[in-house]
Number of protein chains: 2
Amino acid sequence: MSGTPWKPPPILLAVDLVILTLRSAQLHVLLVERGIEPYKGRYALPGGFLNNADEDLCAAAHRELREEANLNAAHLHLEQLGAYGAPDRDPRGRVVSVAYLAIAPGLPEPEAGTDAAGAAWTPVRDIDSGRLELAFDHRQILTDGIERARTKLEHSSLATAFCDETFTIAELQQVYEAVWGVSLDPRNFYRKVRGVPGFIVAAGAERRTTKGRPAQLFRSGPQTVLSPPLNRPHSGQ
Amino acid sequence: MSGTPWKPPPILLAVDLVILTLRSAQLHVLLVERGIEPYKGRYALPGGFLNNADEDLCAAAHRELREEANLNAAHLHLEQLGAYGAPDRDPRGRVVSVAYLAIAPGLPEPEAGTDAAGAAWTPVRDIDSGRLELAFDHRQILTDGIERARTKLEHSSLATAFCDETFTIAELQQVYEAVWGVSLDPRNFYRKVRGVPGFIVAAGAERRTTKGRPAQLFRSGPQTVLSPPLNRPHSGQ
DNA sequence: GCAATAGTGTCTTTAAGACATTATGTC
DNA sequence: GACATAATGTCTTAAAGACACTATTGC
């Protein structure tokens, strides 16, 4: 720390995004196909380097959300996952990446012709089943992101971020079932969810489907932290 | 991304440590007094810049643990909290810091005459009561570290990291009470803790105090994730 | 014996889970 | 009417919390 003049090591800083959504009751993640080496042709999480030394990490994440995913970042839940900094994680040199978790409601396929060309919603099953390999350490980042989403569903109102502005309780249940990977009793779920004060509030309107009784519509309530929490069934004995 | 040659912005990477321990049933954090500007004379979390471009983040955290805190890092629980990268968090320039949480059993005062001179265990109450102000954004980092410890106490065997190799159940309870900031019924706590399979195992010996019945000694069990969890009493209604 | 702490048992209250029932729409 | 889905009610079981009681030490 003294004596010899200290020269900062050349370290690059990047942000990567785990953008999760629900498509036909399946958890999907947004991936982009890499156009350049390394890992050319392989799929990777959207992300990129910091623009300049003054750019905030969170701002960089929002920017990549727009540029690479073509998503309106303003309405999306965004949360830091952590820093990934193994010295050999990027063959180009030392790159430390700060990962962010974003949750989006069901969205159409990303449009081609933009920065998001080559971006695609991919079922997370395809990755953790091993059918699809990701570039860098992105599989680990994705796993961490999903785990974070799972625990946040218990203690926060994150689940509503997967839904449109208004939603039925059955739709909300599908979020929990897809992210947790379990099936829940609709009657107990209904009772439990309505018993958490401030979680969801009735929106007045109803949703009519082709069959069956119309469902009440709800919107996200004022409470962001759930008390009591919606504990997920613990698998172990 | 193309056309103009891209020059990496000069960003420095640092690690900061939230080292928590228990001293006389109070949660303490290790702080160092800053000897140089900025924030000279102010207390801060131990930490420092990466040595070189090949140093792993986690290795840097361990190194700072030795250098600044004079703690044998090998036996300590170490876990990443996240990256702190607001552009104005360090007046010297752009410094992104990766924070780590470390848990240590009750330890004597750090020795003077080493890098740890000027290091002191400080009750966390002194910081979040506002009586003591920290340098940089270290108050926020500390708050995040404590919150992380609180939730990890519920779902993992982290609490045993605050204890010596063998401990009594009463000592384990003191950990939960100090970190959660609540008081628990010793009888229910005893029953609950013993009911979590693999959490703690009897060590055979007993601990004799000046008064009262000797207590059985335990050591940390094979299970690191607790099932069922030890839910902390949720404050809100 | 008393004081003090460790450990066990019991009861009450509450939440979780299983599942029957009623309500309200489309066809 | 049949059918499908929404919403409510009831019962059983398990866990959480309050607290009485017994056990084993030092003095």
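Atoms considered below: every heavy atom in the structure, side chains included; atoms not considered: hydrogens, waters and symmetry mates.
- Computed from coordinates, the A/Phe189 CZ to C/dA18 P distance equals 15 Å when rounded to whole Å.
- With rounding to whole Å, A/Arg194 atom CZ is found 8 Å from D/dA7 atom P.
- Among the atoms of the strands shown, only primed sugar atoms or phosphate atoms (P, OP1, OP2) are found under 4.0 Å from some heavy atom of A/Arg208.
- Rounded to a whole Å, the CZ atom of A/Arg213 is 6 Å from the P atom of C/dT24.
- Between A/Arg148 and A/Glu79, at least one side-chain nitrogen of the basic residue sits less than 4.0 Å from a carboxylate oxygen of the acidic one, meeting the salt-bridge criterion.
- Atom CZ of B/Phe167 is separated from atom P of C/dA6 by 14 Å (rounded to the nearest Å).
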- side chain to side chain contact (heavy atoms under 4.5 Å, CB included) between B/Arg232 and B/Thr151: does it pass, once the steps are laid out? CA-CA 8 Å; B/Arg232 76 175 129 165; B/Thr151 63; 3.4 Å; yes

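- Within residues 170-177 of chain B, the residues that place at least one heavy atom under 4.0 Å from DNA chain C are, in residue-number order, B/Ala170.
- A close approach under 4.0 Å does occur between a side-chain nitrogen or oxygen of A/Tyr190 and OP1 or OP2 of D/dT8.
- Rounded to an integer number of Å, the gap from CZ of A/Arg191 to C1' of C/dG17 is 8 Å.
- Heavy-atom minimum distance, A/Ser220 versus A/Thr160: OG-OG1, 3.2 Å.
- B/Leu184 has its CG atom 15 Å from the P atom of D/dC19, to the nearest Å.
- DNA chain C is contacted by both A/Asp185 and A/Gly212; A/Asp185 maps to the nucleotide lying nearer its 5′ end (nearest heavy atom per residue).
- The side chain of A/Lys211 lies closest to D/dA4, out of C/dA4, D/dG17, D/dA4.
- Atoms CZ (B/Arg187) and P (C/dA6) sit 13 Å apart, rounded to a whole Å.
- If you measure from atom CG of B/Asn188 to atom P of C/dT14, you get 15 Å, rounded to the nearest angstrom.
- Remark on DNA chain D: of its neighbouring residues A/Ala215 and B/Thr210, the 5'-side contact belongs to A/Ala215, judged by nearest-heavy-atom nucleotide.
- Out of C/dA16, C/dG7, C/dG25, the shortest distance to the side chain of A/Asn231 is found at C/dA16.
- In terms of phosphate contacts, B/Lys192 brings a side-chain nitrogen or oxygen within less than 4.0 Å of OP1 or OP2 of D/dA16.
- When each of A/Asp137, A/Asp16, A/Asp144 is checked for a side-chain hydrogen bond (donor to acceptor under 3.5 Å, both in side chains) with A/Tyr84, only A/Asp144 meets the rule.
- Looking at every heavy atom in both residues, A/Leu81 comes nearest to A/Gly145 through CD1-CA, 3.6 Å.
- Around the CD atom of A/Glu206, the shell of radius 6.0 Å holds more than 12 heavy atoms that belong to other residues, nucleotides or ligands.
- Ring pair B/Tyr176/B/Trp180 is perpendicular by interplanar angle, where above 60° counts as perpendicular and below 30° as parallel.
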